[in-house]
Amino acid sequence: MNRLFSLLLLLITFPLLVQCQSSPESSSESEPDETLSLGIEQLLNEERHLVEGKRLGIITNHSALLDGEHIVDLIHRDPDLEITALFGPEHGIRGTADAGEPVDHGVDEETGIPVYSLYGEHRRPTPEMLEDVDVLLFDIQDVGARYYTYVITMGRSMISAAEAGIPFIVLDRPNPLGGEKIEGHIREDQYQSGIGMYPTPITHGMTAGELAQMILGEGWHEGLEGLELHVVAMEGWTRDMIWGDTGLEWVAPSPNLPDIESTYVYPGTCLFEGTRASEGRGTYEPFIQVGSPFVDSEAVAAELNSRNLPGVRFQPVTFVPESIDGMSKEPKLLGEHVHGVKLEVLDANLMEPTAMGVHLLDAFYNELPNEEKENFFIERGIQIRTGNDHVHESIVAGTSMVEILDWQEDVESFRTQREPYLIYP
């Protein structure tokens, strides 16, 4: 009788146990996408006709990987493909140069192929550099923020391809922030710069390939007339996917974005580059922590947490920026004790990084002693990042955050403008 009762009990409870264990609602983690195919993979498998029998120039860096292998190595060993020139953007082809540090010409040690710098005397390929090139390819991981320089290198290089009469191919990769997150004012014309070339909001929700199509279609550079542009699109990526949904390993596209958390917050905390406070360079957690010698970290953290910003929490922190080879040799506030906050990303989907960054600026400014407030913002440095005078002038004037973050009209305008250039659903 006892054995029969036990058997009946097992038959009743087993389906319930299985249901509980397999219920998708029981997991808060996104399942990585296993069907995602990057542009480089599509080129090698489906679009080889674009490059076979051609002499290839490739604009790339260490982030252009497929299953852990670099695009240059993949193509170099392919018997039907030939690379004749490589082009390195900011941080160099191996990604080791500091932000803003000029990069020299050289030779790729792995393949012996000439490497031309696009972050030194020249910011785009010259006719001489393209003498032995039939097709120019671009494959670099972007981060989805207006002031990140790789897509600016892409746009400038499109001019060179047009002038040389050769095709330009973009091998597409995901926008780590997804394709739906658009924040910030559209950059005003007087604040066009090398870190704000195109009139987009701070986050634009586009891939590099989509932006290339928009640069061409909107005529954002002179000299693009007649350019033969090809975007080798990804398979399996959709606009609602952030990096954590892709199943891809994060490879730092530049030294100070070492992990995906720093990339998620970068559109906001990079605004601190336009101030005399620290954006965390000179530490091993850049952009995840920001600070100033003149604030109370406990007070700033408490103020920011009281604002209940979605998807993020702030912890008080003190750090001392130091010289770090390969990351930041001469950071701001070198050797000083800096007080501020460390960001904890709770939900990257919910987080609004640009709005969060403006809240950070506001909280820090209001916590400063009066004698330090006048020196907090760097003239023009803050404008070319926010894209206007409005943000920092409003903070100084004590304007409400609702009024400072009044970019919805710009966002909707840009959303409509970008629509013809979108590739992914």
Visitor: What I want to check is whether the side chains of E41 and S37 have a donor and an acceptor closer together than 3.5 Å.
Guide: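 Yes, because at least one side-chain N or O of E41 sits under 3.5 Å from a partner of the opposite role on S37.
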
Visitor: Looking at residues at least two apart in the chain, or sitting in another chain, which of them share a salt bridge (charged side-chain N to carboxylate O under 4.0 Å, His left out) with D172?
Guide: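 Scan of D172 (salt bridge (charged side-chain N to carboxylate O under 4.0 Å, His left out), adjacent residues dropped) gives none.
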
Visitor: Check whether more than 12 heavy atoms from other residues, nucleotides or ligands sit under 6.0 Å from atom NZ of K181, and answer yes or no.
Guide: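 For K181, atom NZ is crowded (more than 12 foreign heavy atoms under 6.0 Å).
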
Visitor: Can you tell me if D80 has over 12 outside heavy atoms packed within less than 6.0 Å of its CG?
Guide: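 Correct, the count exceeds 12.
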
Visitor: Can you name the residues that form a side-chain hydrogen bond (donor to acceptor under 3.5 Å, both in side chains) with E163, not counting sequence neighbours?
Guide: R124

Visitor: What donor-acceptor contacts under 3.5 angstrom involve side-chain atoms of residues 291-300, with partners at least two apart or in another chain?
Guide:
unit_1: S292; atom_1: OG; unit_2: F294; atom_2: N; d: 3.1
unit_1: D296; atom_1: OD1; unit_2: E298; atom_2: N; d: 2.9
unit_1: D296; atom_1: OD1; unit_2: A299; atom_2: N; d: 3.2

Visitor: Filter on salt bridge (charged side-chain N to carboxylate O under 4.0 Å, His left out), then keep only pairs touching residues 197-206, sequence neighbours left out; what's left?
Guide: none

Visitor: Among all residues two or more places apart in sequence or in another chain, which pass the side-chain hydrogen bond (donor to acceptor under 3.5 Å, both in side chains) test with T318?
Guide: H339

Visitor: State which residues pass ring pair (Phe, Tyr, Trp, His ring centres under 6.0 Å) with F414; sequence neighbours excluded, sorted by chain then number.
Guide: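 Scan of F414 (ring pair (Phe, Tyr, Trp, His ring centres under 6.0 Å), adjacent residues dropped) gives none.
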
Visitor: Which residues pass the side chain to side chain contact (heavy atoms under 4.5 Å, CB included) test with Q190, sequence neighbours left out?
Guide: E188

Visitor: Which label fits H122 and H105: parallel for a plane angle under 30°, tilted from 30 to 60°, or perpendicular past 60°?
Guide: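 Geometry flag for H105 against H122: parallel rings.
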
Visitor: Partners of E131 by side chain to side chain contact (heavy atoms under 4.5 Å, CB included), sequence neighbours excluded?
Guide: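 Partners of E131 under the side chain to side chain contact (heavy atoms under 4.5 Å, CB included) test: E128.
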
Visitor: Under the salt bridge (charged side-chain N to carboxylate O under 4.0 Å, His left out) rule, collect the residues that match up with E210, sequence neighbours excluded.
Guide: R239

Visitor: According to side chain to side chain contact (heavy atoms under 4.5 Å, CB included), who are the partners of E393, at least two apart in sequence or on a separate chain?
Guide: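 Residues passing side chain to side chain contact (heavy atoms under 4.5 Å, CB included) with E393: D389.
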
Visitor: Do E322 and T283 pair up side chain to side chain, a donor and an acceptor below 3.5 Å, judged on atom types alone?
Guide: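 Absent: no donor and acceptor within the cut-off.
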
Visitor: For L257 and A252, which heavy atoms make the closest approach, and how far apart are they?
Guide: O-CB, 3.2 Å

Visitor: Which residues pass the salt bridge (charged side-chain N to carboxylate O under 4.0 Å, His left out) test with K332, not counting sequence neighbours?
Guide: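 Applying salt bridge (charged side-chain N to carboxylate O under 4.0 Å, His left out) to K332 gives E279.
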
Visitor: Parallel under 30°, tilted from 30 to 60°, perpendicular over 60°: which one fits the rings of Y365 and F377?
Guide: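 Ring orientation of Y365 relative to F377: parallel.
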
Visitor: Tell me the ring pair (Phe, Tyr, Trp, His ring centres under 6.0 Å) pairs involving residues 152-200, sequence neighbours left out?
Guide: H185-H390, H185-W407, Y198-W220, Y198-H221

